[in-house]
Each structure stands twice: as C-alpha cells, then as structure tokens.
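The structure appears below as structure tokens.
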Amino acid sequence: MRKSLIAVALAAMCAIAGNAAAQSYPSRPITIIVPFAAGGPSDVLARVVGERMRQSLNQTMIIENVTGAGGTIGVTRAARAPADGYTVSFGHLGTHVINGAIYPLAFDLLNDLDPVGLVAGNPQMVVSKTTVPAKNLKELIAWIKANEANVTFGTAGVGSGSHFSGLYFQSLIGTKARYVPYRGTGPAMQDLVAGNIDIIVDQASNAMPQVQGGKIRAYAVTAPQRMPAGPDIPTVDEAGLPGFHIWLWSGLWVPKSTPKDIVAKLNGAMRDALADAAVLKRFADLGLDAAPAQRQTPEALRAHQKAEADKWWPMIKSAGVKPEG
Ligand code: MLT
C-alpha cells in the first residue's frame, strides 16, 4: 500500500515537472542538427526556417552541422538526444527514409524520431560542369555511356538525396559510373563549378543559383512540371527520360517521446515560418515549395514518411546498396 502511494506521488511529481518544463519551453537555445555541410541545400533551408522559428519561439535557434555517412551521423545524434525539445533533427527523404534501407542503424528511423512537420520540397536537377560536351539530356546520357569508366558523380554520401538520385538515374540509363562522396552537396557543388567532378543530381535549390550564374549546366528537373524559378529547364519527361521523378522533401523531427505540447510549440513556430511572406519569397527564389498547410501536421509527416518508405525501400533494397557504396 505504502509503496503504491509513493509510486503515484512520484508519477504525479514527474507529470507536474514535465508540464512545468513544457510551459516554460523554450527556456534555453534550441539546436537544429543538420546532417550535411554548411552552405548546402539542407543547411540553407534549415537556417531560413530556423531564423523565423526563433522569432515565434523567442529563443535562439542554433544550427549544428553534424555530417557524415549520408546524414546518418547527424540523425543518430538527434535520435539519441534527450526528449526535451532542445534538439531538433532536420532531414529529408534521404536521411529519414532511404537510409533506413541501407544502414544498420542503432535505432528505428521511422519510429524513434517523432515528427514535428513537413517543411518544403523541390525536385532534383541533373547538372554538369560546363565543359561536358553535351547540350541536352540525351547527349549527356550518350556522353556518360561513352566515358563511363572516367565519369564522376558528386554526392553527399551513400543514401543522401544526391546519391540515391544518381543511383536511380544510372539504373535508368544502364551505367555504373563512379560516385565521389562529400559531406554535403554544398562542397560537392564547389567542386563541380571548379570542374573537378562531372555531374551531380542535386536539389534544384542548390543548383539553381549556379545555373543562373552560368557556372554549371542544367539538363532537366525530376518533376512532371517545369519550375517557375527555372522555366528554361526542361522536365525529364520533355528531355527524354520519362518518369524519372524525385521530389526531395525536408522535415523536422524530435527524439521519440518529446512532450506533445513541446512538439505543438515547435510545429506552431514552423507553421508561422511557412506562412511568412519573406520566407516564401526566399523559397520561391530558390525553387522550393513550402509544404501545403494541410500537410504541415506531425501526423501528416509520419504518414508521408511511412508511405515514402513503402515506395522507395523495395527499390533501394533490390539494388543492394551498401553503406560503403
Ligand atoms: C545537402 O544539404 O548537402 C543535401 O541535402 C545532401 C543530399 O542529400 O544530397
């Protein structure tokens, strides 16, 4: 009898403490872990949204780039963090879905991180250094086939968006050219501009500024419609590789069992950001589409993540992709 009374009292005290923590949340800076290098598409998107969330939460948002292994290092760090709302995992289709079919992760990618919300998305873009002798996608494919042994694809590591997009592209054209891993497509893009690698199938938001600057060449976007930000860039369907569609979406997660009212506060701040005119203007310039309002709920992200795993895991597993590449 005495023992159970103590247990009830303890549980009540924890609940009170939990509520107090949630009510005073956030009382110190929040860290968003970005699993790729600074300056790349994930980093840029996390910083734009993070800056606006700072205003809503009235608390410092720290962006921490924890890179390596196609994003699994950073996501693992977040999954193991305390479930107190002060560590947020930023990621995308690659880091929070694809990697679950490749890496022997020490946690359950679909269930050990609680969704906060879907943020934004963009198609991938097939781009090359300017010296590649190809004016359109068909010529690029012919060039890759003719030079397969020497062609290099830049990626952000095995399982990243740029890697599985490169894999999918090559599986469609029947080549096995080499992948050169970087800690993000930020540094990979620098090497593409410098001509040290040949091709990246990268997030359009990362490639677009370089394409507009004439520093790299674009061949197609992996979407059924052209991008308003890049009306001259054909779709893969128009360019001769019909159906090569990839929508690289990004979202926010927290460690499993983070109190619901803390998740609600983070989700609310994320929604404020996605309704903010300045944020939406920045997205439009980069070719990013904010998640539609009805899909900005934690539940919608969990359902979407599961649906994407059902869609992509069979393909990735049948391709026999290994963490070492
Ligand atoms: C990045 O920010 O570097 C990209 O999201 C990496 C990728 O997945 O290709």
Side-chain angles (χ1 to χ4, degrees), residues 32-50 63-78 88-103 109 118-128 152-170 178-193 197-211 216 218 221-223 244 246-253 282-283 286-289 305 308 312 316 321 323 325:
I32 300 180
I33 295 182
V34 173
F36 296 110
S42 299
D43 182 70
V44 168
L45 180 51
R47 286 176 194 276
V48 170
V49 173
I63 302 290
E64 188 182 351
N65 301 88
V66 180
T67 66
T72 57
I73 307 284
V75 177
T76 302
R77 168 90 66 85
V88 174
S89 175
F90 179 97
H92 58 42
L93 169 58
T95 57
H96 286 69
V97 174
I98 302 293
N99 282 345
I102 298 173
Y103 292 87
L109 190 57
L118 196 57
V119 174
N122 59 165
Q124 300 289 87
M125 191 184 285
V126 181
V127 293
S128 82
T152 53
F153 280 72
T155 79
V158 173
S160 64
S162 45
H163 177 252
F164 89 84
S165 303
L167 270 177
Y168 188 10
F169 177 55
Q170 291 213 74
R178 196 161 55 87
Y179 299 102
V180 179
Y182 294 78
R183 289 183 170 273
T185 53
M189 184 57 72
Q190 287 166 4
D191 254 11
L192 189 73
V193 169
I197 53 175
D198 303 312
I199 296 166
I200 308 178
V201 185
D202 194 8
Q203 292 193 55
S205 58
N206 194 45
M208 193 67 81
Q210 304 299 337
V211 172
I216 61 173
V221 290
T222 63
F244 175 42
I246 300 173
W247 184 252
L248 212 290
W249 51 271
S250 294
L252 296 172
W253 291 259
R282 188 76 202 283
F283 280 13
L286 290 168
L288 285 160
D289 290 340
Q305 200 184 0
E308 291 279 89
W312 291 103
I316 299 291
V321 187

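Remember, it's 1-based here, ligands and their atoms both numbered in the order they're listed.
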Quiz item: Between Phe244 and Tyr168, how do the two ring planes meet: parallel, tilted or perpendicular, split at 30° and 60°?
Solution: perpendicular
Quiz item: Where is the nearest protein heavy atom to atom 9 (O) of ligand 1: which residue, which atom, and how far?
Solution: Ser162 OG, 2.7 Å
Quiz item: Could an N or O of ligand 1 be found under 3.5 Å from any N or O of Gly161, whether backbone or side chain?
Solution: yes
Exercise. Would you mind listing which atoms of ligand 1 come within a distance below 4.0 Å of any non-hydrogen atom of Gly184?
Key: 3 (O)
Quiz item: Got a sec, which residues hit side chain to side chain contact (heavy atoms under 4.5 Å, CB included) with Asp191, two or more places apart in sequence or on another chain?
Solution: Tyr182, Asn196, Ile197
Self-check item: Ligand-side contact atoms (ligand 1) for residue partner Gln203, heavy atom cut-off under 4.0 Å
Solution: 4 (C), 5 (O)
Practice problem: May I ask which of Ser205, Pro41, Ala156 has a heavy atom nearer to atom 6 (C) of ligand 1 than the others do? | Solution: Ala156
Quiz item: What residue and heavy atom of the protein are closest to atom 3 (O) of ligand 1, and at what distance?
Solution: Thr185 N, 2.7 Å
Quiz prompt | Partners meeting ring pair (Phe, Tyr, Trp, His ring centres under 6.0 Å) with Trp249 (sequence neighbours left out) | solution = His304
Practice problem: Could you check if a side-chain atom of Phe164 sits within less than 4.5 angstrom of a side-chain atom of Ile102, using non-hydrogen atoms only? | Solution: no
Quiz item: Where on Ser42 is there a heavy atom closer than 4.0 Å to ligand 1, on the side chain, on the backbone, on both, or on neither?
Solution: both
Quiz item: Among the heavy atoms of His92, does any lie under 4.0 Å from an atom of ligand 1?
Solution: yes
Quiz item: For residues Asn99 and Thr72, is any side-chain donor paired with an opposing acceptor at under 3.5 Å?
Solution: no
Quiz item: Could you give the distance from CD1 (Ile33) to OG1 (Thr67), rounded to the nearest 0.5 Å?
Solution: 12.0 Å
